[in-house]
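The next block holds one structure in the form of structure tokens; read it before the comments.
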Protein chains: 4
Amino acid sequence: MVKVAVVGATGYTGEELVELLLRNPEVEITSLTGIVEKESDFSLLYPRFGKKISLICKNLDVAEVAKKSDIVFLALPHTVSMKFAPEFLKKGKKVIDLSADYRLPSDVYEKWYGTKHVDADNLKTAVYGLPELNRKNIKSAAFVANPGCFPTSVILGLLPVIKTVSQKDKAIIVDSKTGVTGAGRKGLVSLSFGELDENLRAYKVNEHQHMPEMKHILSGVSGKDIKLNFVPHLMPIRRGIFSTIYISSEGLDSAEKIYEAYKDTYKNEPFVRLRPMGSMPELSDVRGTNFCDIGIKLAGGMLVIVAVIDNLVKGASGQAVQNMNIMYGLDERLGLV
Amino acid sequence: MVKVAVVGATGYTGEELVELLLRNPEVEITSLTGIVEKESDFSLLYPRFGKKISLICKNLDVAEVAKKSDIVFLALPHTVSMKFAPEFLKKGKKVIDLSADYRLPSDVYEKWYGTKHVDADNLKTAVYGLPELNRKNIKSAAFVANPGCFPTSVILGLLPVIKTVSQKDKAIIVDSKTGVTGAGRKGLVSLSFGELDENLRAYKVNEHQHMPEMKHILSGVSGKDIKLNFVPHLMPIRRGIFSTIYISSEGLDSAEKIYEAYKDTYKNEPFVRLRPMGSMPELSDVRGTNFCDIGIKLAGGMLVIVAVIDNLVKGASGQAVQNMNIMYGLDERLGLV
Amino acid sequence: MVKVAVVGATGYTGEELVELLLRNPEVEITSLTGIVEKESDFSLLYPRFGKKISLICKNLDVAEVAKKSDIVFLALPHTVSMKFAPEFLKKGKKVIDLSADYRLPSDVYEKWYGTKHVDADNLKTAVYGLPELNRKNIKSAAFVANPGCFPTSVILGLLPVIKTVSQKDKAIIVDSKTGVTGAGRKGLVSLSFGELDENLRAYKVNEHQHMPEMKHILSGVSGKDIKLNFVPHLMPIRRGIFSTIYISSEGLDSAEKIYEAYKDTYKNEPFVRLRPMGSMPELSDVRGTNFCDIGIKLAGGMLVIVAVIDNLVKGASGQAVQNMNIMYGLDERLGLV
Amino acid sequence: MVKVAVVGATGYTGEELVELLLRNPEVEITSLTGIVEKESDFSLLYPRFGKKISLICKNLDVAEVAKKSDIVFLALPHTVSMKFAPEFLKKGKKVIDLSADYRLPSDVYEKWYGTKHVDADNLKTAVYGLPELNRKNIKSAAFVANPGCFPTSVILGLLPVIKTVSQKDKAIIVDSKTGVTGAGRKGLVSLSFGELDENLRAYKVNEHQHMPEMKHILSGVSGKDIKLNFVPHLMPIRRGIFSTIYISSEGLDSAEKIYEAYKDTYKNEPFVRLRPMGSMPELSDVRGTNFCDIGIKLAGGMLVIVAVIDNLVKGASGQAVQNMNIMYGLDERLGLV
């Protein structure tokens, strides 16, 4: 049994982590922490956990958490994770960080997150936790930086063609639509039901902090500097990311070859599913699951790729559990299907 | 042209007031105020008003607002209205107050709103602004207390039978479902899309502050002390109140007579519509309108009444405009159909 | 391993059954049937099952299904189930029927479902599959009639007090709100998104076919004829039933004693959770789970009970799996938490 | 008073037409027709019109409708309109057709709508009813082809830059998101609440029948053959179209000049509003209105344009009323603000 701590259990990703870990027969949750007014049973804070788990949710005490656990999930806001990750690593704990703190080179991070990076050492050793890209490295990693939700959908959508594309040096257009839980559990007028229901909003047009993450990873894969335009939209749904990706087909392979590349790349992947050529997945196909579903279509001189995930599962907590399974040599799908 | 000021124009009811007043050909909006960081054009704060109105939304200056206007709508939180209403009235302005401050006797108010009433004088003269009940008094009033949203639906639903009911002294059960805008434009986790979408929540079970308003008005009409149980529910919709009302039919008139009473009461009412016997209105029938739609059915020893309104229109701003039309001798429906 | 067939796998409850059975480590799904134009892999019909199950969804052939399975779940419309249940039972298969065909005495059934009952024999032996009421009988049953969704929430909400109530002979009022999947997967204008979003609708006021089921079971428990008024409402959410139940507190026990009765009744129940006195569950607490959450409050001369479930899980497929676990002596919670 | 007939009053656009025409003080609705089982008062079919209009909704009788009206709105499905338009025109009536039947050259129409065009004569004289493009021609027209909903948003979004763009011969990418009423009032499983809520779906990827309409009109304006990729998405909202348009900024004017072009083009337009540079409109800004709101941003080598409308108002019925106002020399905004 792997002894697991969830640090930051009171946010949407933290809650989802607890949910998924409870379904994993090789896991024992030993510690839950969050910023709580009064330390009390997790099921009193979140009644949906009643008769499922009985554990006091405490304010974070690094030493105590470390003592009880083999691996620590950090479900903290960015800039907060990098204050605690080094402490757990120093104590020999495995760490999976769900924040953005260890996904980018420090200069890029500092530019986009507007703050100094304070843990350069661990930044170097952190493995980017996208199993479809880095499974081997994850297997032997002590420290995994779990990918962002938008990047997970976009990178998986582009992986099979990115080398070809990059040689043509085209600008890729990514039009993503996200559910509201991606913004976290927050008391903001702009996230209230009255403002969002029956509404749609584009935000951070070509300046969202997940854009450099996509560029960095995809450029690494392709060996070239990938240009990418990214416009996220906030939809009136709770969960899910739907990324529609546009690439000029000029200079690309034939439709058949492209489709073969997708089939090849993902045929053995437990959590990526490819739709028949020309058919597109819907968001409901992946709701509540750890799957990324992908559809592609070549028409009108354009390759259109649709990649959909549940932002709280494959886009965050599910992928984190998948990474944990890999790190411990367990069946990668444990607790996830 | 009636010169109109909206005090508190930045909340949901304030915005709706501006929307409705703009459609009224006998109205000129002369003043908009709200708590704003920077005084700026209303259409910069709320782009939906672009090319519809050009007026600076200012912080409240009573003297200035009074100078420009004949009538003042107070779309303020309760306990705030009673600080400003007396000032406008003293200056000879007509006032329609959309808060709860002038709807109840002071002792009841103080019990349910937990604060001392500071304007006993005007409380005595305020007319409860339900046209279907008080049209004559409203006509000659200088000061109108606009009804609450839940009470509007419940009182209109019960008006035709309340005298009969009260003689039997039965407890009435009111199960109401409301849209989220009824709670105002607020940045609270509990009102966020992530928490409310796909959810339903009962709140303030038999202790909502609108319950004494219903009891007070209905007891006044019937001449007896009306017992009433009221459970509001928060639904994942933006606008609308749907009240399902249950009364034991023991001792009531026959179905035909009851239905006649409803027809009689509302046949000349411009904003109340009665459905055929046994047929129930849907919320969508009144969305965006000033109508209250009512359906009744007698079955299983029970009279079931459904009354639906749009909480921001008949439940607040539309009814306020209806009251203004009456106060100025205008066609009651002006700007409302 | 229990070999399981799902007959009617293409509706909402059928799909949910497959989902839940896949999580049950003691189950092997051996057969999926539905009305399909072309027999094809279930994951082609429902892409969300890709890489989770690979099985051809066939049109029903009783002999073939019976040969492959130990137990058959009938997720069929009412009036259809009673044509197939006897055939499977004759072949010695265990059967769990999710339709309404075996929940009521034949005379009541015929009155409310408007059709002759054609399987009087098995109707006599069918066990009403509410584990909290009938666990022992379910354990030894070969044939279980799975309860309706509304009745599950209402009966569980009333079970601890129904004996007391009946002695007072009061009319109980049940105001239920349901998600849209309860109506099944259907192409009707009245169930379209354009009609239901931002809408609320009462239907079958005091004449819904689930009302006699509640009355029948509750009368059986209490030993008296229970009077009950039931008004269901269709809400713009996908899943969930929220029942608000009103009982006059006249003649009932004290609040403390009533609360004790609830605690007592459900303390060992794995899937019923009681909220602290006066606190009410929200629908989101049970979304996607097999739990029924209950809150009670005594105020204003009224006992108000709120009982919430997910209509597709505890209200249908989850309860069916719970029944199967009981019938096979498995851990009742297997695959359900 | 203009005497107006609505043919096809029972669909979403027909209903919205009635709603808007009722607010127009220069209009008298003289005739409503639809495919109805029993001819009955329109407010019995749609209770939301109770106490607003009293008129029997009849099955279509061309002679009778023509006799009563000056102008006829055809809110019919495509391929149906072209059967009736010639008859009304022959009788000297003005006609506004909301279908797609008269928007395209016959060869393009036949290719995309899969049917022969049967009214070549009137196709030649029909004026494309986008006031921002064709106001003068509309003024003198007897027959107007009202634009499609997607094309309205896309053409208005591109009008100020399309000449510049075309000179560079770049492919434009249009990623549109639409509410569900755009698909009409239909009883289809794929449009049911259970399937669409919490879902998002791309459809007709680069093969939607509105794409050639955009291309045709924009090519006409620019004098060159415009390449355009169009992917519509179906969102879980009732009303609204949100089009995100991407153009490579290579070879375009400077940001300032582009913004000036937008300001210039729309400064006198009553129903187009431009947001400050870099700021994007939300769908809620135009909900229920006849406005098209536009935002533009130049970043990362890309011009991103967002254009939003209410599909039932500016995208259909509101624009039709705007056209009628123009045809009759009325204030263009009558009944629309």
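Since this is a predicted model, take the numbers as computed values, not measurements. Labels below follow one simple rule: chain letters A, B, ... track the order of the sequence lines, proteins then strands, and each chain is numbered from 1. Just so it is clear, the values below take in all heavy atoms, side chains as well, and ignore hydrogens, waters and symmetry mates.
- Contact between A:Tyr246 and D:Val231 at its shortest, heavy atoms only, is OH-CB, 3.3 Å.
- Interface remark: D:Asp175 contributes backbone and side-chain atoms alike to the contact with chain A (heavy atom separation under 4.5 Å).
- Nearest heavy atoms, A:Ile237 versus D:Pro236: CG2-CG, 3.4 Å.
- With chain D as the partner, the residue from A:Val304, A:Ile173, A:Asn206 showing the most heavy-atom pairs under 4.5 Å is A:Ile173.
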Would D:Met280 and A:Tyr203 count as a side-chain contact (heavy atoms from CB on, under 4.5 Å) if you check the C-alpha gap in whole Å, the side-chain angles of each, and the deciding distance to 0.1 Å? CA-CA 8 Å; D:Met280 294 304 190; A:Tyr203 63 106; over 6 Å; no

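- Minimum interatomic distance between D:Ala171 and A:Met302 (heavy atoms only, all atoms of both residues): CB-CE, 4.4 Å.
- Checking each of D:Val308, D:Leu283, D:Asp285 against A:Asn199 for a side chain to side chain contact (heavy atoms under 4.5 Å, CB included) leaves exactly one that passes, namely D:Leu283.
- Proximity to chain A involves both the backbone and the side chain of D:Arg201, based on heavy atoms less than 4.5 angstrom apart.
- Atom CD of residue A:Glu198 and atom OG of residue D:Ser284 lie 10.5 Å apart, to the nearest 0.5 angstrom.
- Contact of the A:His233 side chain with the D:Met235 side chain is not registered, since no non-hydrogen atoms from C-beta on lie closer than 4.5 Å.
- For D:Leu200, the parts lying under 4.5 angstrom from a heavy atom of chain A are both the backbone and the side chain.
- Both the backbone and the side chain of A:Val205 come within less than 4.5 Å of a heavy atom in chain D.
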